[in-house]
Every structure is written in structure tokens, then in C-alpha cells.
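Before any comments, here is the structure.
Chain letters run A, B, ... following the sequence lines, proteins first, then strands; residues in each count from 1.
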Amino acid sequence: MFDSEFERSLFDLRKSKLEEIEKLGQAAYPNQFPASHSVPAVRARWGQSQAEDLEASRVTVAVAGRIMAIRAQGKAGFATLQQNGERLQIYVRLDAVGEQGFALYKLLDLGDHIGASGYLFRTRTGELTIHVERLTFLSKAMLALPEKFHGLADVELRYRQRYVDLFTNLDSRKVFVKRAGVLKALRRFFDERGYLEVETPMMQQIPGGAAARPFKTHHNALDMDLFLRIAPELYLKRLVVGGLDRVYEINRNFRNEGVSTQHNPEFTMLEFYQAYANYYDLMQITEEMIEFVARQVNGTTVTHFNGHEIDLGKWTRLTMREAIIKYWPPELASTGKPNSIRFTVRGELQELLEPSIVTLKDVCDELNNQILAACGEDETLRISARQDQLSKMSNMMAAVLEDSIAAAPIGKSVYNLFEAVVEPFLIQPTIIYDYPVEVSPLSKAKPGDPAHVERFEFFAGGFELGNAFSELNDPVEQEKRFRQQLAERDRGDDEAHQMDEDYVRALAYGLPPTGGEGLGVDRLVMLLTGSKSIRDVILFPLMRPEKQ
RNA sequence: GAGCUCGUAGCUCAGUAGGUAGAGCAACGCCCUUUUAAGGCGUGGGUCCUGGGUUCGAGCCCCAGCGAGCUCACCA
């Protein structure tokens, strides 16, 4: 528990202070305090009141809070109480609280919880303050608080000791309050539209509904291996088969993958399904939903993220093919353009990629020279930023080409090319639709175009926010898709989908035409709070254990 | 998994050139009855992330490890 001798001796010192407090007739750990108002309530009610009005009406309040600042001045003193993320000053003077009360005041430390009863007034500097008439001790901080001006700044400590972060960094607290607002707004959005909130298994025997590696666990009594779910999708569609036409679930998914600013192994996913809707309907709902949530929690659709101003009320829709053509780097104009090839023929894609990769490398070298010759920091930054983008793109393209030569399905290559060329540039809200069938084992094919499915993903801030499609409801086709995924699994893709025969059986009972969608809630919260890292919107992100 | 950066008092951070560790806050004692990053005087507090190495001498240089951040890889 103790990090140092300093902490141990402080703890001992505080214990003896607690004993002193008990000698004053106060309980060391009392079990309640009858507050008349919360701190935010006092501020809301009297925050604007004039000094004379307070004096005339003599408003008496009793509030509780944690001491975040304390300034003693001989026979009087101040303290700042914090509760529910807001602060209120108290003024304690010997002649108002008496010998015992003032003795208690002198035994208080930063971080202690106290109750203060008295009347409101304004100090000389105009600050709303409680003139305390009775102090009640509530609980002691036995450890030292972080530095009061900077708060807890160490990122690692903020994640590991979130309990300290939350009361010392109020901005951090605001993020999580807003996160709760996002969840509330999402529920309201779907509740108002007649969706039923459901809960489906977190522990599954066949982890399906996504392409990801699962966590494994074990049930002792049944001696059965289980996997933490990577998605609720297949269960939710079973419910639609069962006649729950509109369902949604907000819960955790678990994916056994690396961590990054956009990935935490457990993350919160919203999925919803609507019978008789297709992916065009879902596009409409998506735009309405994001706009609704933004307005509910921020009062506006405009948000600021990573240096960009993003308007979550203004959407662009592009097919994947259109997007690749639109975002194809102009630096490659002379070596070939994607609008001249069919996206369904492996050879044509390879012929486009080969010279493009070479050219990109040349361009990067040329940009390197320009960086050396550049005058001015701005120019250097601009050129090197572009160079970073292109060099990353070139590496990803090379991987796509290599995979394609190794017999990767064409649709998979197109999808990976999309991720290389387009995804990082989707800062403003964008819907990308019409995905290759090979990367969409659960989506319904486009009528008359068996290579593509009725699926879209939506992006903002440069990352994927969610994924939606017209659900494949033909059990024969679904079984075939699963078999294709098994082939990919054999080819070495351990994230390819597994066979789920019970799901196929469910489809055989008849799934109505249905649209379904998943939304990364953490990422939406990131956008709405301007948080660059997913860890800043997850209360307790996964961390390696500290060594002893 | 790779690269870069970081790790010094409870917290926020300095630390010159390799010469044996500092400030502010917090703590402790004293003074102060409208302060607010209160103030004044004084005191205590360190496994410089860990383990090796180089050196007469290492917080600083080298190697390995641990943890973190960022970037990349991985990641419907």
C-alpha cells in the first residue's frame, strides 16, 4: 500500500490526528451527513446573488465535500470544498465555531471530507462562501494529494489511479460525465424509436460476428472452454428471427489484439437491428443518431478533434470505389489511376499497384530532398507530414500487393487498399458503402452485383466509427460464406469467421429482411470530447501490472 | 512485435561538462480573523525505475531488463 517511508509516516501521523478528532467528540468514520444542498445546487441557486441580498436574507445551508485547498490564518481560515465536480469556499473562524470547532479545523488536511453548516456571504474579493457555524468531520485522507496546481499529470498514474485523477483533474471527470450522457442519449434515441434493449451472451462457444481473435476462458463445472465475445451480432439476429423486430444492445466486446490510441482490448459497442430495413435506411438512421447524440451532449454538431473542426451534422456518402478514386494521391497521376481498372480483377489491381509503389517511394525520396532544402519550419512540417502519409501508404500498398500475389481474394485487397489510401483522410463524417463480398461474410449481396454487398462503414476523425449492412438472411448462402471464411482460415487468417451451424439453422427458420449496425461507443465519445486516446475515455484502461 | 522518447522527494519539475541531488507544492513546527496557486520564518523528506558495465568517481556514458507515452505493425 505504501510507496515510501514518507507515505507510511504520513499515514501514522494522520491516524494520530484521527484520534485527536475523536477526542473532540467527532466520529472518525461517521455514516451520514444530512446536507441541505449539494455544492452544485448552492452554486446554481446563489452563484449570482449579490452580497447585500445574501446578508439581508441570511441563507443557511449545510454542504458536504472534499477539502481541495485549505488556508489557515491564525484564529480563522478558509477551505475549498469540492463535490460533484464543483467547488465552494468555506470560512471558519474561532469566534463562530468555538474552541472545539476550530480545533477540528486545525486538524483537517487536504483531501478530507467534511460537512459545513452556516450562512452564505461574499468575501471582500466577491467569492461566494459559507460562513461556517458548525463543522462536521466525515472522513480522512490518509495519503498526500497530488500537487494542487497541476493535479495528477503523469499519464500512467492517471490511468492506474483513476480515483485520484477524477477528483484532482476535473476535465477528466467531465469526459466521463459526458460519456454517461452519450450512453443515455443513445438509449433514448433507440427507445423512442421502439427498439428493445437486450443482453446477449458475453461468453460464447463460437466467437462470431466479427473478424478478430477472441479471449479464451473456461467453465469449471461444465468443463467447457468459452470465449469472450468479439461481437453480439449473431445473437441479436437470432432475436430478430424470434420476432423481436427492433433490438439494440450496448455492452462490452473483447478482442485479443494490440492496444493503441484507438484500441482497447475491451471496448463498448452499440449494435442495433431493425427488421424490414436495408442499408440505405441505416445510413439515414446513422446520420440522425450521431447528430442527435452530439446535440444532446454538446448542444451542437460541431466538435474539435486532433486539430480539426468536425461537423457531425454534415455527412458525405461515397462508394468504396468512388472513395479510392477520389483519395488516390495526385502524386500518382502519371503512373496509373484506379478509375481505369475493374475492382474485381486481381491482375488489374496488381498492375496498378506495382508502379504506384515504386513511384511513391520516389516521391518520398524527392520529398526528403525538399525537406533538406526547405526554408522555414512550416514548410518543413508540411512536407514531412505528407512524406509520412505517403510512405505509410506505400508500405500498406506493398503489403496489399504481396498478399494479392499470395492469392488473397481480390475483394480483400480492395478493402486493404481502401484502408491505405482513404481511411486516414476521412476526417469529416463520411459513409463508405458497397463493400467487397469477401470481407463481408454476414452481409447481403447487392442485387445484380454478386461481388459487392449492401454494407457501409462510417468514419470521422480519421477512424472507423461503425459498420452496418443489410443482413444476409439466406441460410444456404450464409453457409457458403462461412465455408469461404474457413478457407481463408486455412490460408492462415486466424481472424476469419468460424462456422456457426446454429446460426445458419436460425436463419433457416426465416430472418426477415433486416438491417443491422455496430457503433464503437468509445470512439464516438473520443470525438465528442476531443480525446485523442481511447484510454482517456475508458475509466480503467488495460495496463500491464506494475512490477514489485 | 519494431522504432523513437521518457522514468529524479508523495505530486509537478530542474539537474550544467561525469565530481556524490535541488526548487515549488504537499508534510511538520511557529506567526497571522476576508484568503484563494494566501503569505512569513524554520525543519524533515531520495533504491535518481531495476540489474550489470566503463570510470579514481555515474542521476548523467554503455549494455540488458521493467513500466509508460507516441509512431508503426497488428486491428470488419
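Dashed line: the shortest gap from a side-chain N or O of Lys392(A) to OP1 or OP2 of rC72(B) is under 4.0 Å. Dashed line: the shortest gap from a side-chain N or O of Lys17(A) to OP1 or OP2 of rC28(B) is under 4.0 Å. Distances shown here put every side-chain N or O of Thr129(A) at or beyond 4.0 Å from the OP1 or OP2 atom of rU34(B). Contact annotation: Thr123(A) side-chain N/O to rU35(B) OP1/OP2 distance is not under 4.0 Å. Applying the 4.0 Å criterion to OP1 and OP2 of rG10(B), one finds that Arg8(A) has every side-chain N and O outside that range.
Counting distance only, with no hydrogens placed and no angle test, the side-chain atoms of Arg124(A) and the base atoms of rU34(B) include no donor-acceptor pair under 3.5 Å.
Comparing the P positions of rC6(B) and rA37(B) gives an interatomic distance of 34 Å, to the nearest angstrom. The separation of rA14(B) from rC49(B), taken at their P atoms, amounts to 14 Å, rounded to a whole angstrom. Separation of the C1' atoms belonging to rC41(B) and rA58(B) is 37 Å when rounded to the nearest angstrom.
The Gln73(A) side chain lies nearest to rU33(B) when the options are rU33(B), rC70(B), rA73(B). You'll find that the side chain of Ala144(A) is closest to rA26(B), out of rC70(B), rU34(B), rA26(B). For Phe6(A), the listed nucleotide lying nearest its side chain is rA26(B); candidates were rA26(B), rC32(B), rU71(B). Taking every side-chain heavy atom of Arg544(A) into account, rG1(B) is the closest of rU35(B), rA27(B), rG1(B). Distances were taken from every side-chain heavy atom of Arg535(A) (C-beta onward) to each of rG10(B), rU35(B), rC70(B); the shortest belongs to rC70(B).
Around CZ of Arg43(A), the count of heavy atoms belonging to other residues, nucleotides or ligands within 6.0 Å exceeds 12.
Using the Watson-Crick or G-U wobble rule with both distances under 3.5 Å, rG29(B) pairs with rC41(B). Taking a pair to require two hydrogen-bonding distances under 3.5 Å in either a Watson-Crick or a G-U wobble arrangement, rC61(B) pairs with rG53(B). rU16(B): no Watson-Crick or G-U partner with both key distances under 3.5 Å is found in any strand. Across all strands shown, rG1(B) forms a Watson-Crick or G-U wobble pair with rC72(B), both key distances being under 3.5 Å.
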